[in-house]
Amino acid sequence: MPITINEFIDDPKCNRRSFLKACTITAAALGLSDAMIPRLVEAAANPQRPPVVWLHFQECTGCTESLVRGSHPDIARLILDIISLDYHETLMAAAGHQAEKQLHETMEKYQGKYLCVVEGGIPTKDNGIYCKIAGRTAMDILAEVSSKSAAVIAIGNCATYGGIQAADPNPTGAVGVWDLVHDVPVINVAGCPPNPISFLGTVLHYLTFKRLPPTDQLGRPLFAYGRKIHDQCERRAHFDEGRFAERFGDTGHLAGYCLYKVGCKGPETYANCPAVRFNDVGVWPVGVGHGCIGCTEPGFWDTMTPFYERLPNVPIPGGGGIVASAESTGKKILAVAGAAVGIHAAVGIGKRIVKGKSEK
Amino acid sequence: MNYEKKYVWSILFRLCHWAFALAIVVLVVTGFYINDPWTNTWLENSRTFPVADMRYYHFLAGFVFTAAVLVRLILYLIGNRQERIFNALPVTPGNVRNFFSTFAYYGYATDSHEERLGHNTLAGLTYLFTYAVAAAQLVSGFYMLYPESVTWQSWGLPLFGTQQQARFIHHLLMWYFLIFAFVHLYLLVWNDVRSPEGMISSIFNGYKFKPKHDGSAKA
């Protein structure tokens, strides 16, 4: 049974004050005015709020890890308790038949009302046999659970766009949820992992307004993925002024200069990382000296690699890459030119010695 | 042989040509810089904004480039006879013949060639293809210039993919213009050497010189 809001706020780890604080943080992330905070609180505290079924497919559980290990206990508790998590394989006490029973009870009791959260990619090759739970394929489970839900929230790059298992050559034919589910609304909370605030914001938006937040063309909520990292980055001034880290550990890197030339993909990536940051201690990759790898973008394992170069250095068949080839051929050209100059000079000097200076 | 002076290229066409050429030079130079900003500095509290400046000139040149492409598209429809699209496409028997005879002429298989006021069909098709590449270049460019615009996203995403893929394609297509410029200049000089019609000066003053009373010349 999901705990009631009174039990929740009586818990010494999460009192009313911290509960309101978490709602306020989320309202800020959603870009809502403070006048909306009471409505958010009301929606989150409503005992009639819809339960959540959390499905795990091809994934590393990193998205769940990043949610439950938020150093800010309010956020983690708000996510795990307020949203009435009825089924979550990593966190639930039930196992085996008990867990299956819980899943089917929730699906029947709250048909058309519960939220379905999906973590992980779905393999489709060979009828989806590469991911099975309780003897059923991920495709089967997703089709059944999503069709009876009110909406699907895909969390992480795997559930949204297929993630690492969808990277070339994609041996299991993995795809994201929105490639398979078309009968209910799907929203993509992308990232590897996404910021817990972006996920919580999406859920609270749904609880408060009874609909999913507006999205961009790739199905990502605009409040979190509406702007590019490069345009909100704290190192942006260094970019405009031409101050770059040339390699990790150099003077520019130590001085906190722009990471563009060590491969930062901030200019191509939509996310709120520079504004919302992670782990409630104000850190994010670029802030601690590592370029963005573009983890909120579709197919980022294929398109954003190599992570430490601006653009892929496409190898030429039979050659060792353009730079290496040009360098090796260039050295030979220079050597031939040097030899030609040497021979020319030697012949000139030889002629002068043989014929004498007078004929000049 | 007597020659007569013929007006071939309108003033708008010539302006469009030079705007396009200048824009490409600026775009390539600034584009290489943006890809690899080589003027790295440890200097702080300076009033220099090299990357911002280069991006600014890149965007300005991008708008000039766009304007030139749009003007050329309009001239394809309403320009003078040499500038119209049907003059360049192999859609008439004469143009189809010209297309193959130009290959023979450029391949040193024959010394005779048709006197044409405008482009030969091979050149006309190449220019049309170049404008198609230019269109791809400016759509991917605007997609990156206005990353938050739903309109440009709805063009950019299906055509090029994510911002990173668009950036890569934008970079690759840039090389087409470098190769095009090289071939363009080579063939101009080659033609100028082979037939004294004043092809190079025609893009400055608009006039070509054609043999008088030549039946094959299209007036």
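Side-chain atoms are counted along with the backbone in the values below, which use heavy atoms only and exclude waters and symmetry mates. To find a chain, count down the sequence lines: A is the first, B the second, and so on, and within it residues start at 1.
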Side-chain heavy atoms of [X] within contact of [Y], under 4.5 Å:
| X | Y | answer |
| --- | --- | --- |
| A:Pro267 | B:Gln163 | no |
| A:Phe244 | B:Thr41 | no |
| B:Tyr56 | A:Asp240 | no |
| B:Phe168 | A:Glu268 | no |
| A:Asp231 | B:Pro147 | yes |

(request) Not counting sequence neighbours, which residues clear ring-ring contact (aromatic ring centres under 6.0 Å, His included) with A:His238? List them please. (result)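 Once residues adjacent in sequence are excluded, the partners of A:His238 under the ring-ring contact (aromatic ring centres under 6.0 Å, His included) criterion are A:Tyr257.
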
(message) Before you tell me yes or no, could you show the steps for B:Asp36 and A:Arg310 under salt bridge (charged side-chain N to carboxylate O under 4.0 Å, His left out), namely the whole-Å CA-CA distance, both residues' side-chain angles and the distance that decides it to 0.1 Å?
(response) CA-CA 8 Å; B:Asp36 181 18; A:Arg310 278 303 314 147; over 6 Å; no

(message) Quick check on A:Lys228 against chain B: is it the side chain, the backbone, both or neither that has a heavy atom closer than 4.5 Å?
(response) both

(message) Is A:Phe300 in contact with chain B via its backbone, its side chain, both, or neither, using a 4.5 Å heavy-atom distance?
(response) neither

Give a yes or no on whether [X] atom [atom1] has more than 12 heavy-atom contacts from other residues, nucleotides or ligands under 6.0 Å away.
| X | atom1 | value |
| --- | --- | --- |
| B:Trp38 | CH2 | no |
| B:Arg97 | CZ | no |
| B:Phe100 | CZ | no |
| A:Phe248 | CZ | yes |

What is the minimum heavy-atom distance between [X] and [Y], and which atoms define it?
| X | Y | value |
| --- | --- | --- |
| A:Lys261 | B:Pro37 | NZ-O, 2.5 Å |
| B:Trp42 | A:Arg243 | C-CD, 4.4 Å |
| A:Thr303 | B:Gln164 | O-CG, 3.2 Å |
| B:Asn40 | A:Gly242 | OD1-O, 3.4 Å |
| B:Glu148 | A:Tyr270 | N-OH, 4.4 Å |

(message) Working to the nearest 0.5 angstrom, can you tell me the gap between A:Tyr260 OH and B:Ile34 CD1?
(response)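 Those atoms lie 7.0 Å apart.
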
(request) Under 4.5 Å, counting heavy-atom pairs only, tell me which of A:Leu218, A:Thr251, A:Leu222 racks up the most with chain B. (result) A:Thr251

Between [X] and chain A, which part of the residue has a heavy atom less than 4.5 Å away: side chain, backbone, both or neither?
| X | result |
| --- | --- |
| B:Leu172 | neither |
| B:Asn35 | both |
| B:Thr39 | backbone |
| B:Gln165 | side chain |
| B:Met54 | neither |

(message) Quick check: under 4.5 Å, non-hydrogen atoms only, which of residues 174-182 of chain B neighbour chain A?
(response) none

